[in-house]
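Read the numbers this way: they start at 1 and go in the same order the structure lists the ligands and their atoms. These figures come from a predicted structure and were not determined experimentally.
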Amino acid sequence: KNADAALSRVKLQGRNNYKLYHPAINSQATELFILENSLHHALERQEFKVYYQPQVNSSTGEITKMEALLRWQHPELGLIPPATFIPIAEETGLILPISEWVLKTACLQNKSWQQNLNLPSLSVAVNLSARQFQQPNLVDMVEQVLSETKLEHKYLELEITETVAMQDVELTRKILKELDQIGVTISIDDFGTGYSSLSYLKDFPIHALKIDQSFVRDLANGDNQTAITTAIIALAHGLNLAVVAEGVETEEQFNLLRILECEVMQGYLFSHPLSSEEATRMLRAYHPI
Ligand code: C2E
Ligand code: CA
Ligand code: CA
Ligand code: CA
């Protein structure tokens with residue numbers, strides 16, 4: 001019964017496309033119930049880990065930024081991808097303490113890389129959720145974490161999706177302005193997938209557009225598939241914004257993106273998301289002191 005309630009709540013949120021994660025569990029409702037219950041304890045039981053994926057400058061080869069990506073290692077079910085548990089965390093409000101932990105962990109990690117690997121200008125990007133964006137104390141929380149971790153504000157980038165940004169344009173404008181005033185940078189994630197008007201781009205204090213991986217995937221598929229990516233890059237350049245291509249997997253995509261003058265890229269071609277230890281090793285080898 002509880003399981004059905006959990007399922008119907010998630011369905012009310014419009015997530016009818018929920019797919020079973022674990023093959024041994026044969027009902028959506030049961031799986032959601034199990035996941036929701038264990039999610040309540042996951043933080044205190046230290047089951048979360050932050051992974052990091054590099055963003056590479058395509059002309060210099062330099063790693064300029066690491067994106068923090070959350071991982072949940074469930075004791076019985078194994079590694080659960082964020083696409084499965086983040087909707088549940090959003091629904092239950094657990095996303096708030098979890099996100100604060102991610103932010104803090106990522107800022108501490110970046111500060112440590114800056115100091116210990118002599119990478120003073122390395123930045124970190126952290127994803128913001130829809131629910132966080134509705135919190136009146138979001139900016140205070142970010143400031144608090146930055147002062148606790150002593151990371152200089154300009155080395156933190158917050159990623160919001162176009163969909164989240166467009167839910168309440170006035171509120172977004174206000175929050176982004178405050179974040180900009182404290183020196184944090186902002187990028188628009190999954191750009192091009194939100195079916196939104198482009199007019200907000202000139203009003204919001206944003207720093208970069210991240211081209212959604214669906215467009216990058218199309219790049220290698222022949223005729224006319226470069227049109228959207230070409231347009232997004234031109235738009236970004238025209239507005240003086242940086243542009244990042246996500247999901248770059250092949251050299252063909254890399255070469256096309258370079259011709260299109262996309263300066264920053266992220267994807268499996270360079271590196272999968274790495275654990276803290278792996279990322280430290282990779283950064284040390286990549287930028288020998
Ligand atoms: P996103 O922010 O768009 O992150 C990019 C996703 O693409 C990541 O999936 C990453 O592992 C994956 N990816 C990177 N390079 C490639 C590639 O070359 N090819 C392909 N096919 N995929 C690539 P991941 O880590 O499973 O995260 C999925 C989504 O979950 C993220 O999408 C983001 O929306 C959300 N997410 C992850 N961590 C957090 C977090 O800490 N907070 C919040 N609010 N959301 C998060
Ligand atoms: Ca992102
Ligand atoms: Ca994205
Ligand atoms: Ca995405």
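A heavy-atom separation below 4.0 Å is not found between Ser99 and ligand 1. Heavy atoms of Pro81 come nearer than 4.0 angstrom to ligand 1 in no pair at all.
Taking Glu148 as the reference, Lys104 meet the salt bridge (charged side-chain N to carboxylate O under 4.0 Å, His left out) condition, with sequence neighbours excluded. For Asp203, the salt bridge (charged side-chain N to carboxylate O under 4.0 Å, His left out) partners two or more places apart in sequence, or in a different chain, are Arg173. Considering only residues two or more places apart in sequence or on other chains, Glu157 meets the salt bridge (charged side-chain N to carboxylate O under 4.0 Å, His left out) condition with Lys65.
Listed for the Gln132 side chain is a donor-acceptor partner under 3.5 Å among the backbone atoms of Ser129. Formation of a donor-acceptor pair under 3.5 Å by the Gln253 side chain with backbone atoms of Thr250 is found in this model.
The part of Ile86 lying near ligand 1 is the side chain, judged by heavy-atom distances below 4.0 Å. Residue contacts with ligand 1 for Val50 are absent, since no atom lies close enough (heavy atoms, distance under 4.0 Å). With a 4.0 Å heavy-atom cut-off, ligand 1 is reached by the backbone of Asn127 and by its side chain too. Within the 4.0 Å heavy-atom criterion, neither part of Lys210 lies near ligand 1.
Considering both main-chain and side-chain atoms, Gln266 never comes within under 3.5 Å of ligand 1 through any nitrogen or oxygen pair. For ligand 1, one of its N or O atoms has an N or O atom of Tyr268 under 3.5 Å away. For ligand 1, the polar-atom distance check finds an N/O of Glu249 within less than 3.5 Å of one of the ligand's N/O atoms.
Aromatic ring centres of Tyr155 and Trp113 lie farther apart than the 6.0 Å criterion allows.
Those atoms of ligand 1 that come under 4.0 Å of a heavy atom in Ser129, given as number and element, are 44 (N). The contact set between ligand 1 and Asp190, taken as ligand atoms under 4.0 Å from a residue heavy atom, comprises 3 (O). The atoms of ligand 1 that sit less than 4.0 Å from any heavy atom of Val102 are 41 (O). Residue Gln53 approaches ligand 1 through these ligand atoms, each under 4.0 Å from one of its heavy atoms: 14 (C), 15 (N).
A donor atom on one side chain and an acceptor atom on the other are not found under 3.5 Å apart for Gln167 and Thr172. Glu263 and Ser58 are not linked by any side-chain donor-acceptor pair at a separation below 3.5 angstrom, with hydrogens and angles left out of the test. Checking Asn127 against Glu67 by side-chain atom types alone, a donor-acceptor pair falls below 3.5 Å.
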Q.
Does Glu278 form a side chain to side chain donor-acceptor pair (under 3.5 Å) with Ser275? I'd like the steps, not just the answer.
A. CA-CA 5 Å; Glu278 291 167 328; Ser275 69; 3.3 Å; yes

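The one candidate from Asn116, Leu108, Asn110 that meets the side chain to side chain contact (heavy atoms under 4.5 Å, CB included) condition with Ser112 is Asn116. Screening Met265, Glu246, Lys210 for a side chain to side chain contact (heavy atoms under 4.5 Å, CB included) with Gln55, the sole residue that qualifies is Lys210.
Under the 4.5 Å side-chain heavy-atom criterion for Ile, Leu, Val, Met, Phe, Trp and Tyr, Leu235 and Val264 are members of distinct hydrophobic clusters. Follow the hydrophobic side-chain contacts under 4.5 Å out from Met166 and you reach Ile232 in the same cluster.
Taking each of Gln213, Glu67, Arg71 in turn, the one with a heavy atom nearest to atom 6 (C) of ligand 1 proves to be Gln213. With Leu69, Leu103, Leu269 as candidates, the residue nearest to atom 37 (C) of ligand 1 on a non-hydrogen basis is Leu69. The nearest non-hydrogen atom to atom 28 (C) of ligand 1, considering only Ala245, Pro82, Gly267, comes from Pro82.
For the Ca ion (ligand 2), protein N, O or S atoms under 3.0 Å: 4 in total.
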